[in-house]
Engineer: 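There's a structure below that I have some questions on.
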Amino acid sequence: QLQLLESGGGLLQSGGSLRLSCAASGDTFVSYFMGWFRQPPGKEREFVALISWQVMATDYADSVKGRFTVSRDNAKNTVYLKMNTLKHEDTAVYYCAANLRRPGTSPADFSSWGQGTQVTVFP
């Protein structure tokens, strides 16, 4: 099972950009599907993006399509989430997640989680 550590969160104005990183250790990173989720204040955790391990296929929540890009560097055991044109409603704790089998978009589909990194976007 992977251990995951997110970084790169911060405070910024709407319209800005940020890149989150998630460093993995403890198992063969290249074999895992990697996902990003977020949990806005007072709300449930929600799917943001997914990237496969082999063909780098990606999937995004409708709310972030065209603004966010997920990528991975298997040589560095790291997955990234580049976020552009950030909005106040993107404010949340962002989590990295991993699963060996192809997951759906539910948090229950993922077996490994990081501790989260806070992203705050001012209006």
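Basis for what follows: all heavy atoms, side chains included, without hydrogens, waters or symmetry-related copies. Remember, it's a predicted structure, so these values are computed and weren't measured experimentally.
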Engineer: Quick check: do Arg101 and Ser111 have side-chain heavy atoms less than 4.5 Å from each other?
Structural biologist: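 The answer is no; the side chains never approach within 4.5 Å.
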
Engineer: Within a strict 4.5 Å, meaning less than it, do heavy atoms of the Asp90 and Met83 side chains meet?
Structural biologist: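 Result no, sub-4.5 Å side-chain heavy-atom pair not found.
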
Engineer: side-chain contact (heavy atoms from CB on, under 4.5 Å) with Gln39: which residues, sequence neighbours excluded?
Structural biologist: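 With sequence neighbours excluded, Gln39 shows a side-chain contact (heavy atoms from CB on, under 4.5 Å) to Arg45, Tyr95, given in chain and number order.
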
Engineer: If you look at every heavy atom in Met34 and Cys96, which pair is closest and at what distance?
Structural biologist: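 Shortest heavy-atom separation between Met34 and Cys96 comes out as CE-SG, 3.6 Å.
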
Engineer: Out of curiosity, does Leu12 fall in the hydrophobic cluster containing Tyr80 (side-chain heavy atoms, cut-off under 4.5 Å, transitive links)?
Structural biologist: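 No, Tyr80 and Leu12 fall in different hydrophobic clusters.
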
Engineer: Please report the closest heavy-atom contact between Ile51 and Ser71, naming both atoms and the distance.
Structural biologist: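 That would be CD1-CA, 3.8 Å.
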
Engineer: Decide whether Val93 and Phe110 are clustered together by the hydrophobic rule: side chain heavy atoms of Ile, Leu, Val, Met, Phe, Trp, Tyr closer than 4.5 Å, transitively.
Structural biologist: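 Cluster IDs for Val93 and Phe110 match.
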
Engineer: Please answer whether the main-chain N or O of Val70 pairs with a side-chain N or O of Tyr60 as donor and acceptor at a distance below 3.5 Å.
Structural biologist: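 Yes.
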
Engineer: Return yes if some donor-acceptor pair links the side-chain N/O of Thr117 with the main-chain N/O of Glu6 below 3.5 Å, else return no.
Structural biologist: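 Looks like no, no N/O pair under 3.5 Å.
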
Engineer: Hey, what do you get for CG (Leu100) to OG (Ser112), rounding to the nearest 0.5 Å?
Structural biologist: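 So the gap between those two atoms works out to 8.0 Å.
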
Engineer: Taking all non-hydrogen atoms of both residues into account, name the closest pair between Arg38 and Ala92 and its distance.
Structural biologist: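 Scanning both residues, the minimum pair turns out to be CB-CB, 3.7 Å.
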
Engineer: Test your reading of the model: is there a side-chain donor-acceptor pair from Asn74 to the backbone of Val30, 3.5 Å cut-off?
Structural biologist: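 No.
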
Engineer: Quick one: do Gln115 and Leu5 satisfy side chain to side chain contact (heavy atoms under 4.5 Å, CB included)? Show the steps, please.
Structural biologist: CA-CA 7 Å; Gln115 87 293 343; Leu5 183 63; 3.3 Å; yes

Engineer: Kindly compute the distance separating OG1 (Thr120) from CG (Leu11), expressed to the nearest 0.5 Å.
Structural biologist: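 Result: 4.5 Å between the selected atoms.
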
Engineer: Check whether any side-chain heavy atom of Gln3 lies under 4.5 Å from a side-chain heavy atom of Ser25, and answer yes or no.
Structural biologist: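 Sidechains of Ser25 and Gln3: in contact.
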
Engineer: Does Val121 offer a backbone N or O that forms a donor-acceptor pair with the side chain of Thr91 under 3.5 Å?
Structural biologist: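 Checking the backbone N and O of Val121 against the side chain of Thr91, a donor-acceptor pair under 3.5 Å is found.
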
Engineer: What is the ring orientation for Tyr94 with Phe68, classed by angle as parallel under 30°, tilted 30 to 60°, or perpendicular over 60°?
Structural biologist: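 Correct class here is tilted.
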
Engineer: To the nearest 0.5 Å, what is the distance between CZ (Arg19) and OG (Ser7)?
Structural biologist: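 If we round to the nearest 0.5 Å, Arg19:CZ and Ser7:OG are 9.0 Å apart.
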
Engineer: Around Glu44, counting heavy atoms of other residues, nucleotides and ligands shown, do more than 12 lie under 6.0 Å from its CD?
Structural biologist: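 It does not: Glu44 CD has 12 such atoms or fewer within range.
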
Engineer: Does one hydrophobic cluster hold both Trp53 and Leu4, with members joined at side-chain heavy-atom distances below 4.5 Å?
Structural biologist: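 No; tracing contacts between hydrophobic side chains, which count when under 4.5 Å, never links both residues.
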
Engineer: List the atom of Ser17, the atom of Thr85, and the distance in Å for their closest heavy-atom pair.
Structural biologist: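 What the structure gives for the nearest pair is OG-N, 4.2 Å.
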
Engineer: Please check: side-chain N/O of Asn99 versus main-chain N/O of Asp109, any donor-acceptor pairing under 3.5 Å?
Structural biologist: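 It does hold such a pair.
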
Engineer: Tell me the closest heavy-atom pair linking Arg102 and Leu50, and the distance in Å.
Structural biologist: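 Looking at all heavy atoms of both residues, the shortest contact is NH2-CD2, 4.3 Å.
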
Engineer: Give a yes or no on whether Met56 and Tyr32 share a hydrophobic cluster (residues Ile, Leu, Val, Met, Phe, Trp, Tyr; joining criterion: side-chain heavy atoms under 4.5 Å apart).
Structural biologist: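 As far as the 4.5 Å side-chain criterion goes, Tyr32 and Met56 are connected within one cluster.
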
Engineer: Between CD of Glu89 and OG of Ser14, what distance do you get to the nearest 0.5 Å?
Structural biologist: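 That separation rounds to 9.0 Å.
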
Engineer: Would you say Phe47 ends up clustered with Leu20 if hydrophobic residues are merged whenever their side chains have heavy atoms under 4.5 Å apart, either directly or through other cluster members?
Structural biologist: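 They do not share one cluster, since no chain of ILVMFWY contacts under 4.5 Å joins Leu20 to Phe47.
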
Engineer: Which atom names give the shortest non-hydrogen contact between Phe29 and Val79, and what distance separates them?
Structural biologist: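 So the minimum-distance heavy-atom pair works out to CZ-N, 4.2 Å.
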
Engineer: Using salt bridge (Lys or Arg N to Asp or Glu O under 4.0 Å) as the criterion, list what pairs up with Lys65, not counting sequence neighbours.
Structural biologist: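 In terms of salt bridge (Lys or Arg N to Asp or Glu O under 4.0 Å), with neighbours along the sequence ignored, Lys65 is linked to Asp62.
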
